[in-house]
Amino acid sequence: MNLVLHMVKSLCLSFFALIMIMLVVLFPRKLDIGMEGYKMTAKYHFSWSQYAENITGFIRGIFVDNTLGVTRYGEAVGSEVLTVMGNSLTIIVIGFLLSFILGLLKGIVDYKLSKSKWNVIGNGTTWLFQSVPDFMVVLLIQWFVIRYMPFIHFFEQKEWYAFLIPSVLVSVYPAMYIARITSAAIAAQEGQMYIQVAKAKGVAQRMILYKHVGRNSMGTILSHLPSLFGYTLSNLLMVEYLMSYPGAAHRLFQAIDYDTSFGSGVNYEPGVIIGIACCFTIMVVLVQWIALLAKRSIAPTSR
């Protein structure tokens with residue numbers, strides 16, 4: 001019952017967040033552009049009637065016309081969102097799994113090296129990657145590949161392996177996050193009574209680490225899956241933008257059409273923004289549910 005309550009709570013919070021996003025996106029953005037002498041001016045006048053018309057028009061489009069509108073290219077928003085989400089979904093899934101698996105392995109290595117003179121290779125590198133801004137890490141990797149590995153077509157989007165490089169780039173920073181969580185979770189088990197009993201029985205250190213400590217630490221690690229997914233999504237925009245990858249995050253950035261002088265430009269696409277935000281919200285909820293189910297299924301052991 002407690003598990004269902006938590007799942008319903010996460011669903012309600014995500015739905016509320018999506019509603020707030022919709023209200024912000026549908027806020028009236030029309031400016032009155034004019035000229036004062038040789039200077040262009042832009043004035044904004046808020047209208048509750050226009051705001052209500054935007055909301056009712058969007059709701060009517062969904063439930064009556066079964067559409068999210070059209071894009072700047074005259075195409076249906078629904079098909080556009082599905083296309084770009086399909087392009088990004090491969091990167092998200094592979095990057096998420098890579099960051100979790102590599103983060104676990106890196107965290108175990110960090111813990112093992114923490115008591116030796118090689119700690120700088122373990123925790124030191126994890127700290128270094130987390131202290132450097134994630135976009136700088138991506139730019140350095142991009143420069144290294146282009147400069148020293150020219151046989152890898154960094155910006156190639158037509159090859160079957162086009163998703164591999166962005167998937168790896170997306171996973172770098174989240175993997176370091178999980179590595180730090182894993183190392184700390186394992187270290188927190190030190191001195192526990194079950195470890196002392198296992199050592200007294202002559203159980204090998206490796207068996208204690210993987211069978212007992214690893215299992216008891218997994219609940220703490222799994223509780224950070226939603227944060228891990230959040231890091232993955234935050235890196236997605238940066239990677240897709242730097243690589244000109246036709247994915248959802250890049251398309252979302254285009255749909256906002258930010259203009260330094262007038263805010264939202266003439267190509268502002270609320271339907272695209274809401275559609276992609278809805279897809280991302282669904283994925284966030286699914287990851288939260290998976291984390292809750294996985295954490296419950298892995299019971300700590302003291303044997």
Side-chain angles (χ1 to χ4, degrees), residues 1-27 51-52 54-69 76-101 103 170-171 174 177-178 181 185 218-237 240 247-249 251-253 255-256 269-300:
M1 184 64 182
N2 192 34
L3 175 63
V4 175
L5 185 62
H6 279 88
M7 295 175 70
V8 172
K9 181 180 178 181
S10 66
L11 178 62
C12 292
L13 289 175
S14 299
F15 182 74
F16 175 76
L18 182 61
I19 294 296
M20 297 305 297
I21 292 174
M22 292 173 58
L23 293 177
V24 172
V25 170
L26 295 174
F27 206 82
Y51 192 23
N54 290 348
I55 296 174
T56 55
F58 182 77
I59 295 175
R60 182 172 58 252
I62 294 177
F63 295 101
V64 178
D65 301 328
N66 298 319
T67 180
L68 289 172
V77 169
S79 60
E80 176 81 359
V81 170
L82 290 178
T83 299
V84 295
M85 282 303 305
N87 294 338
S88 290
L89 190 60
T90 304
I91 297 177
I92 294 172
V93 173
I94 295 178
F96 182 71
L97 293 177
L98 269 180
S99 59
F100 184 73
I101 296 172
V170 164
S171 67
Y177 170 76
I178 285 297
I181 297 299
M218 192 56 65
T220 301
I221 298 171
L222 290 175
S223 65
H224 289 269
L225 281 183
S227 299
L228 175 67
F229 190 71
Y231 280 122
T232 303
L233 291 183
S234 65
N235 283 350
L236 186 66
L237 170 60
E240 289 187 352
R251 187 65 180 86
L252 179 64
F253 184 74
I256 295 174
E269 301 167 291
V272 175
I273 298 174
I274 295 175
I276 295 177
C278 182
C279 293
F280 282 155
T281 302
I282 292 174
M283 288 191 290
V284 169
V285 172
L286 290 177
V287 171
Q288 290 175 342
W289 286 1
I290 291 172
L292 290 171
L293 293 171
K295 184 178 179 181
R296 183 175 182 179
S297 63
I298 299 178

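Residue Phe15 places its CZ atom among 12 or fewer non-hydrogen atoms of other residues, nucleotides or ligands, all under 6.0 Å distant. The environment of OH in Tyr51 is crowded: more than 12 heavy-atom neighbours from other residues, nucleotides or ligands sit within 6.0 Å.
Rounding to the nearest 0.5 Å gives a distance of 12.5 Å between CG of Leu13 and CG of Leu18. The distance from atom CG of Leu222 to atom CD1 of Ile178, rounded to the nearest 0.5 Å, is 8.5 Å. Here SG of Cys279 is found 9.5 Å from CG of Leu89. Values are rounded to the nearest 0.5 Å. The CZ atom of Phe96 lies 4.5 Å from the CG atom of Leu228; values are rounded to the nearest 0.5 Å. In this structure, the separation between CE on Met85 and CD1 on Ile282 is 8.5 Å, given to the nearest 0.5 Å. Put simply, OG1 on Thr232 and CD1 on Ile94 are 12.5 Å apart, with the number rounded to the nearest 0.5 Å.
Looking only at side-chain heavy atoms (C-beta outward), Pro226 and Val284 stay at 4.5 Å or farther from each other. Side chains of Leu26 and Ile274 form a contact here, defined as non-hydrogen atoms less than 4.5 Å apart. Taking the side chain as every heavy atom from C-beta outward, Ile273 and Ile256 approach each other to under 4.5 Å. Taking 4.5 Å as the limit, every side-chain heavy atom of Val84 sits out of range of all side-chain heavy atoms of Val272. A 4.5 Å side-chain heavy-atom check between Leu68 and Phe58 finds at least one atom pair inside the cut-off. Here the side chains of Ser227 and Tyr177 are in contact, with some heavy-atom distance below 4.5 Å. Using a 4.5 Å heavy-atom threshold, the side chains of Ile92 and Phe280 count as touching.
Scanning both residues, Thr281 and Ala277, for their nearest heavy atoms gives OG1-O, 2.7 Å. When every heavy atom of Met7 is checked against every heavy atom of Trp289, the shortest pair comes out as O-NE1, 3.0 Å. In this structure, Ser10 and Val285 approach most closely via the heavy-atom pair O-CG2, 4.4 Å. Residues Leu252 and Ile276 approach most closely at N-CD1, 3.9 Å, considering heavy atoms. Taking each heavy atom of Ala249 and Leu237 in turn, the nearest pair found is O-CD1, 3.3 Å.
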Inset, instruction - I would like to know whether Met283 and Val287 meet side-chain contact (heavy atoms from CB on, under 4.5 Å); could you show each step before the answer? - result: CA-CA 6 Å; Met283 288 191 290; Val287 171; 5.5 Å; no
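Listed by first and then second residue, the side-chain hydrogen bond (donor to acceptor under 3.5 Å, both in side chains) pairs involving residues 77-92 are Glu80-Arg251, Ser88-Glu240 (not counting sequence neighbours).
Partners of Ile290 according to the side chain to side chain contact (heavy atoms under 4.5 Å, CB included) rule, which considers only residues two or more places apart in sequence or in another chain, do not exist here. Under the rule for a side-chain hydrogen bond (donor to acceptor under 3.5 Å, both in side chains), the partners of Asn54 that lie at least two apart in sequence or sit in another chain are Gln50.
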